[in-house]
Amino acid sequence: MSSQDEQVAQRRSNLDALATLGVDVYPHAFERRHTVADLVDAYNARTHDELEAERPETVTSGRILAIRSFGKASFLAISDGRARIQVYIRQDSLPPLDFQIFKLLDIGDWIGVEGRLFRTKTNELTVWASRLHFLAKCLLPLPEKWHGLTDVEIRYRQRYLDLIVNAESRRVFETRGRVVSAVREFMTGRGYLEVETPMMQPIAGGALARPFVTHHNALDMPLYLRIAPELYLKRLTVGGLERVFEINRSFRNEGISTQHNPEFTMMEFYEAYADYQVLMRMTEELVATVARQSIGTDQIAFGDHRMSLTPPFARLSLRDAARAAASSTLGRAVSDGDLRNQECAAGLARALGVDIEQGEGAGKITCAIFEALCEDQLIQPTFVYDFPTEVSPLSKQKPGDPDTVERFELYIGGFEVANAFSELNDPAEQRRRFEDQLKERARGNVEAHAMDEDYIRALEYGLPPTAGEGVGIDRLVMLLTNSPSIRDVILFPLMRKRE
RNA sequence: GACCCGGUAGCUCAGUGGUAGAGCAUCUGACUUUUAAUCAGAGGGCCGCGGGUUCAAUCCCCGCCCGGGUCACCA
């Protein structure tokens, strides 16, 4: 019998023995007076003498994380997930049945404890158990107490184990919860209405990405999991909802990396009468406020870097960034005009060793140069603004410069955290952009945007001047929790099927 | 998809072309204020899977599976 089988058999036999004693081994509820965290909060500051004077009584519960046994006396460490407390067990302080129960406990079991609080000789806050209640069995051995669980594969596949033994992991997901709450509070506080739009869409639009495909049986209709909520949210702005946001799960059928999970969370919002300049100022406030509310500061450490999220953030035009990087790499002056000319831009890309595809336009090449040379250098928060029209089919052009749109991306820690633009609201121009995308698609670009006639019709009813933005919640949480991989901030990241 | 690294006891990790190792965990015994408890003993292994080389493979070679990283693609 393997060690695991042996340990499971032992735990099963302890469970059977409890049942034989007449213990309900799967009780339905337990009424506790305090959580473990309550006790620690309330009594951690009390001295030995204060506790002896007060003799506070409690009924609490948790999972056993350690057992130190001395024959007729023992110490347990129990946890409610938030805090730990010690339980002191003595044979002469417990009813005989409860001591029998104690002897059949294993590490990982859930128990309820009644008793009074005191401090041991070593000054540890402890519950002196007068009653023990069995709540549920842990049939499998837990990871080791000292090194814990470090195998990332098990941490992702069996997140519950990670959460039981790695306090840091729990802290990350608590922070994530606070980030989402803070984002919601920030938006609703500014008069935005939280809405929910379809995750299953007949046309997957709003971003340049490959969708997941599914099928509705009764309607016999192909459907796509959304790649973005964008087009639906703007339909709502057409409908007069002037400020809307959605905390949305979106899905993109693409590679997995430290910064990409096939399903990910964005906060996308639209504000009528605003343009991208307004959103830059709002985004600074959002990021700084959310940081302060979720981790208590807007000064963060990320890997080897320290970043300040205090507004204002740096601003850098995309072409200037690409131009400066290309100039310094090549040791010769590169002009704005060079980047706007397809032949010059393609030549630059070749000289810089940046991969581009045959027939790619100047705008796409400029972006490729930016991504290759600049992106991972942008550690401190930086708005990169003014993108080529070619790569932005839903954004509004700059006055007098049809090759450029009013769009920005926010970079922090070397990756993109937000993407925003003044929304294209001219239906005729939108149709032309979609048609360009169809040409892209015909060239074999599977990520090109699809035609969406209903969206154009919505624009024909009139979209007020509007700016919109998507903020990557997972990536924001990575920054605020100093997590190097997006999988560390997603409870159940997608993993290949096992067995 | 390409390349690099990894997979050995429940967990964390050593290790060697010749019968497989430690700590924690588990079991037995001692112990009524310990806290990585201690002490004495014991059990626990398809060394990821499948081929090959070899008298002999956990180790060398090839393929595959799973994971991590880098790149590519994307957000």
Side-chain angles (χ1 to χ4, degrees), chain A residues 1-11 13-14 48 65-77 84-94 99 106-108 118-126 128 138-158 161 164-165 206-210 227-228 250-266 268 354-355 357 367-368 371-372 375-376 391 409-411 415-419 445-447 470-476 484-488 493 495-499:
Chain A
M1 196 154 58
S2 74
S3 175
Q4 158 125 333
D5 291 346
E6 203 175 88
Q7 293 187 47
V8 172
Q10 180 59 39
R11 284 161 181 263
S13 101
N14 285 346
H48 174 272
L65 293 184
I67 301 176
R68 292 180 291 276
S69 195
F70 299 82
K72 296 190 179 71
S74 294
F75 295 90
L76 308 180
R84 264 178 184 243
I85 199 165
Q86 180 167 266
V87 176
Y88 180 47
I89 304 280
R90 341 177 8 140
Q91 184 166 13
D92 58 13
S93 296
L94 280 178
F99 193 72
D106 291 293
I107 290 173
F118 77 112
R119 284 193 184 274
T120 60
K121 271 198 276 199
T122 50
N123 208 35
E124 172 115 3
L125 183 65
T126 304
W128 190 316
C138 177
L139 288 168
L140 293 164
L142 288 182
E144 195 218 329
K145 62 186 173 189
W146 187 242
H147 298 93
L149 183 66
T150 58
D151 182 327
V152 290
E153 185 170 354
I154 301 177
R155 290 185 50 217
Y156 298 153
R157 287 186 193 275
Q158 296 176 268
L161 284 180
I164 291 169
V165 299
L208 305 179
R210 297 182 72 170
I227 54 176
S250 288
F251 308 85
R252 298 188 184 174
N253 206 339
E254 283 151 6
I256 294 175
S257 78
T258 49
Q259 282 149 44
H260 302 84
N261 193 63
E263 53 178 302
F264 65 104
T265 303
M266 272 195 293
E268 199 161 311
V354 174
D355 269 352
E357 275 172 47
C367 282
E371 281 164 20
E375 207 177 81
D376 58 1
V391 298
E409 291 183 343
L410 171 61
Y411 283 84
F415 54 79
E416 183 190 337
V417 175
N419 179 19
N445 181 354
V446 290
E447 283 161 9
V471 179
I473 297 297
D474 312 279
R475 290 181 177 182
L476 190 55
S485 170
I486 198 168
R487 284 178 219 109
D488 296 325
M495 300 289 274
R496 217 179 282 267
K497 202 173 152 185
R498 220 153 184 205
E499 286 150 338

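Order of the sequence lines fixes the chain letters, A, B, ..., with proteins taken first and strands second; residue numbering starts at 1 for each chain. Atom set for the values below is all heavy atoms of this structure, side chains included, hydrogens, waters and symmetry mates excluded.
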Undergrad: Describe the nucleic acid contact of A/Leu208 in one word from base, sugar-phosphate, nothing, applying a heavy-atom distance below 4.0 Å.
TA: sugar-phosphate
Undergrad: So, is A/Arg11 near the phosphate of B/rU26, with a side-chain N or O under 4.0 Å from OP1 or OP2?
TA: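 Answer no for this pair, as no side-chain N or O of A/Arg11 is under 4.0 Å from OP1 or OP2.
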Undergrad: In whole Å, what is the span from the CZ atom of A/Arg155 to the P atom of B/rG6?
TA: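 One finds 21 Å between P of B/rG6 and CZ of A/Arg155, rounded.
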Undergrad: Can a side chain N or O of A/Arg210 be found less than 4.0 Å away from OP1 or OP2 on B/rC73?
TA: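 Answer is no, no contact under 4.0 Å.
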Undergrad: Within the structure shown, what part of the strands sits under 4.0 Å from A/Met495 by heavy-atom distance: base, sugar-phosphate, or nothing?
TA: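 Result for A/Met495 = sugar-phosphate.
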Undergrad: Does a distance-only test, which skips hydrogens and angles, find a donor-acceptor pair under 3.5 Å between the side chain of A/Gln86 and the base of B/rU34?
TA: yes
Undergrad: Can you see which heavy atom on A/Phe99 is nearest to which on A/Gly71, and at what distance?
TA: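 That would be CZ-O, 4.1 Å.
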Undergrad: Closest approach of A/Arg11 and A/Ile107, non-hydrogen atoms and distance?
TA: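 Closest approach of A/Arg11 to A/Ile107, heavy atoms only: NH1-O, 2.8 Å.
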Undergrad: How long is the span from the CD atom in A/Glu447 to the CZ atom in A/Arg252, to the nearest 0.5 Å?
TA: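 Rounded to the nearest 0.5 Å, the CD-CZ separation comes out at 9.5 Å.
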Undergrad: Please measure how far the C1' atom in B/rC11 lies from the corresponding atom in B/rG50, and state the result in whole Å.
TA: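 One C1' to the other, the span is 28 Å.
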Undergrad: Using the C1' atom as the reference point in each nucleotide, state the distance between B/rC64 and B/rG7 in Å, no decimals.
TA: 14 Å
Undergrad: Is there a donor and acceptor pair closer than 3.5 Å between the side chain of A/Glu6 and the base of B/rG44?
TA: no
Undergrad: Taking B/rA20 as the reference, what is the distance to B/rG15 when you measure between their C1' atoms (whole Å, please)?
TA: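 Pairwise C1' distance, B/rG15 against B/rA20, rounds to 9 Å.
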Undergrad: Would you please enumerate the stems RNA chain B participates in, each stem being three or more consecutive Watson-Crick or G-U wobble pairs with both distances under 3.5 Å?
TA: B:1-7 with B:65-71, B:10-13 with B:21-24, B:26-30 with B:38-42, B:48-52 with B:60-64
Undergrad: Do the side chains of A/Ile486 and A/Gln259 get nearer than 4.5 Å, heavy atoms only?
TA: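 When only atoms from C-beta onward are counted, A/Ile486 and A/Gln259 do not touch, as no gap falls below 4.5 Å.
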Undergrad: Contact class for A/Phe415 (heavy atom, under 4.0 Å): base, sugar-phosphate, or nothing?
TA: nothing
Undergrad: If you pin A/Pro141 and A/Gln10 to their nearest nucleotides in RNA chain B, which one's is more 5'?
TA: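 Its nearest nucleotide lies further toward 5', so the answer is A/Pro141.
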Undergrad: When the distance from CD1 of A/Ile154 to P of B/rC13 is rounded to whole Å, what number comes out?
TA: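 Spelled out: CD1 on A/Ile154 to P on B/rC13 is 10 Å.
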Undergrad: Of the nucleotides B/rU26, B/rU32, B/rG44, which has the atom closest to the A/Phe70 side chain?
TA: B/rU32
Undergrad: Show the nearest heavy-atom pair for residues A/Ala207 and A/Ile227, with the distance to one decimal.
TA: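 So the two residues come closest at O-CD1, 3.3 Å.
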Undergrad: Hey, does A/Pro141 have a side-chain heavy atom less than 4.5 Å from the side chain of A/Val8?
TA: yes
Undergrad: Test side-chain contact (heavy atoms from CB on, under 4.5 Å) on A/Arg487 and A/Ile256; report intermediate values, then the result.
TA: CA-CA 10 Å; A/Arg487 284 178 219 109; A/Ile256 294 175; 3.4 Å; yes
Undergrad: Does a side-chain N or O from A/Lys145 land closer than 4.0 Å to OP1 or OP2 of B/rA25, or not?
TA: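 A/Lys145 to B/rA25 OP1/OP2: side-chain N or O found under 4.0 Å.
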Undergrad: A/Gly470 near the nucleic acid: base, sugar-phosphate alone, or nothing, with a heavy-atom cut-off under 4.0 Å?
TA: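 Counting heavy atoms under 4.0 Å across all strands, no contact is made by A/Gly470.
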Undergrad: Quick one: which of B/rG67, B/rU26, B/rU32 gets closest to the side chain of A/Glu153?
TA: B/rG67
Undergrad: Looking at A/Arg68, I'd like to know whether one of its side-chain N or O atoms comes within less than 4.0 Å of OP1 or OP2 on B/rA37.
TA: yes
Undergrad: What does A/Glu409 touch in the nucleic acid at a heavy-atom separation under 4.0 angstrom: a base, only the sugar-phosphate, or nothing?
TA: nothing
Undergrad: In whole Å, measure the gap between the C1' atoms of B/rC59 and B/rG52 for me.
TA: 15 Å
Undergrad: Using the C1' atom as the reference point in each nucleotide, state the distance between B/rG6 and B/rA42 in Å, no decimals.
TA: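 After rounding to an integer number of Å, I get 33 Å for this pair.
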Undergrad: Return the nearest nucleotide to the side chain of A/Leu149; candidates are B/rC11, B/rU34, B/rA25.
TA: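 Nearest listed nucleotide: B/rC11.
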Undergrad: From CG of A/Asp5 over to C1' of B/rG45, roughly how many Å is that when rounded to an integer?
TA: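 From A/Asp5 CG to B/rG45 C1': 12 Å.
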Undergrad: Classify the ring geometry between A/Tyr88 and A/Phe118 as parallel (under 30°), tilted (30 to 60°) or perpendicular (over 60°).
TA: tilted
Undergrad: Atom CZ of A/Arg157 and atom C1' of B/rG7: how far apart are they, to the nearest Å?
TA: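 After rounding, the gap between these two atoms is 13 Å.
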Undergrad: Given B/rC11, B/rU70, B/rG67, which nucleotide is nearest the side-chain atoms of A/Pro143?
TA: B/rC11
Undergrad: Look at the side chain of A/Asp92 and decide which nucleotide, out of B/rG69, B/rU32, B/rU12, has an atom nearest to it.
TA: B/rU32
Undergrad: Determine the interatomic distance between P on B/rG45 and the same-named atom on B/rG21; round to the nearest Å.
TA: 14 Å
Undergrad: For A/Ile107, which contact category applies under a 4.0 Å heavy-atom criterion: base, sugar-phosphate, or nothing?
TA: sugar-phosphate
Undergrad: From the set B/rU32, B/rU12, B/rA25, return the single nucleotide nearest to any side-chain atom of A/Ala73.
TA: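 Minimum distance to the A/Ala73 side chain belongs to B/rU32.
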Undergrad: So, does the side chain of A/Thr120 form a donor-acceptor pair with the base of B/rU34 at under 3.5 Å?
TA: yes
Undergrad: A/Phe75 has an atom CZ; how far is it from atom C1' of B/rU38, in whole Å?
TA: 14 Å
Undergrad: Hey, does the side chain of A/Ser69 come within less than 4.0 Å of B/rA30's phosphate (OP1/OP2), counting only N and O?
TA: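 Answer is no, no contact under 4.0 Å.
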Undergrad: Classify the nucleic acid contact of A/Phe118 as base, sugar-phosphate or nothing, counting any heavy atom under 4.0 Å across all strands shown.
TA: base
Undergrad: Which of these nucleotides, B/rG67, B/rC13, B/rA9, is closest to any side-chain atom of A/Thr150?
TA: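 From the listed options, B/rC13 comes nearest.
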Undergrad: State which of B/rG10, B/rC13, B/rU34 makes the closest approach to the side chain of A/Thr126.
TA: B/rU34
Undergrad: In the structure I gave you, are the side-chain heavy atoms of A/Phe264 and A/Arg475 within less than 4.5 Å of one another anywhere?
TA: no
Undergrad: What's the gap between B/rA25 and B/rG67 when it is taken at their P atoms, as a whole Å value?
TA: 31 Å
Undergrad: Could you work out the separation of B/rG10 and B/rC5 based on their C1' atoms and round it to a whole Å?
TA: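 It comes out at 25 Å once rounded to the nearest Å.
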Undergrad: Taking CZ in A/Arg210 as the centre, count heavy atoms belonging to other residues, nucleotides or ligands within less than 6.0 Å. Is the count above 12?
TA: no
Undergrad: Does any part of the side chain of A/Leu125, heavy atoms only, come nearer than 4.5 Å to the side chain of A/Arg119, both counted from C-beta?
TA: yes
Undergrad: What is the distance, to the nearest angstrom, from the CG atom on A/Leu142 to the P atom on B/rC24?
TA: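 Whole-Å distance recorded here is 17 Å.
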Undergrad: Taking atom C1' of B/rG68 as reference, at what distance in whole Å does atom CG of A/Asp488 sit?
TA: 11 Å
Undergrad: A/Asn261 near the nucleic acid: base, sugar-phosphate alone, or nothing, with a heavy-atom cut-off under 4.0 Å?
TA: base
Undergrad: Any idea which of B/rA36, B/rU34, B/rG44 is nearest the A/Trp146 side chain?
TA: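 Shortest atom-to-atom distance from the side chain points to B/rA36.
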Undergrad: Are A/Asn14 and A/Asp106 linked by a side-chain donor-acceptor pair shorter than 3.5 Å?
TA: yes
Undergrad: Quick check on RNA chain B: between A/Ser485 and A/Glu447, whose nearest nucleotide comes earlier from the 5' end?
TA: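 Between the two, 5'-proximity favours A/Ser485.
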Undergrad: Which nucleotide in the set B/rU32, B/rC27, B/rG23 lies at the smallest distance from any side-chain heavy atom of A/His147?
TA: B/rG23
Undergrad: For a quick check of understanding: with a heavy-atom distance under 4.0 Å over all strands, which category does A/Arg487 fall into, base, sugar-phosphate or nothing?
TA: sugar-phosphate
Undergrad: Between B/rC31 atom C1' and A/Ile89 atom CD1, what is the distance in whole Å?
TA: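 Value for this atom pair: 17 Å.
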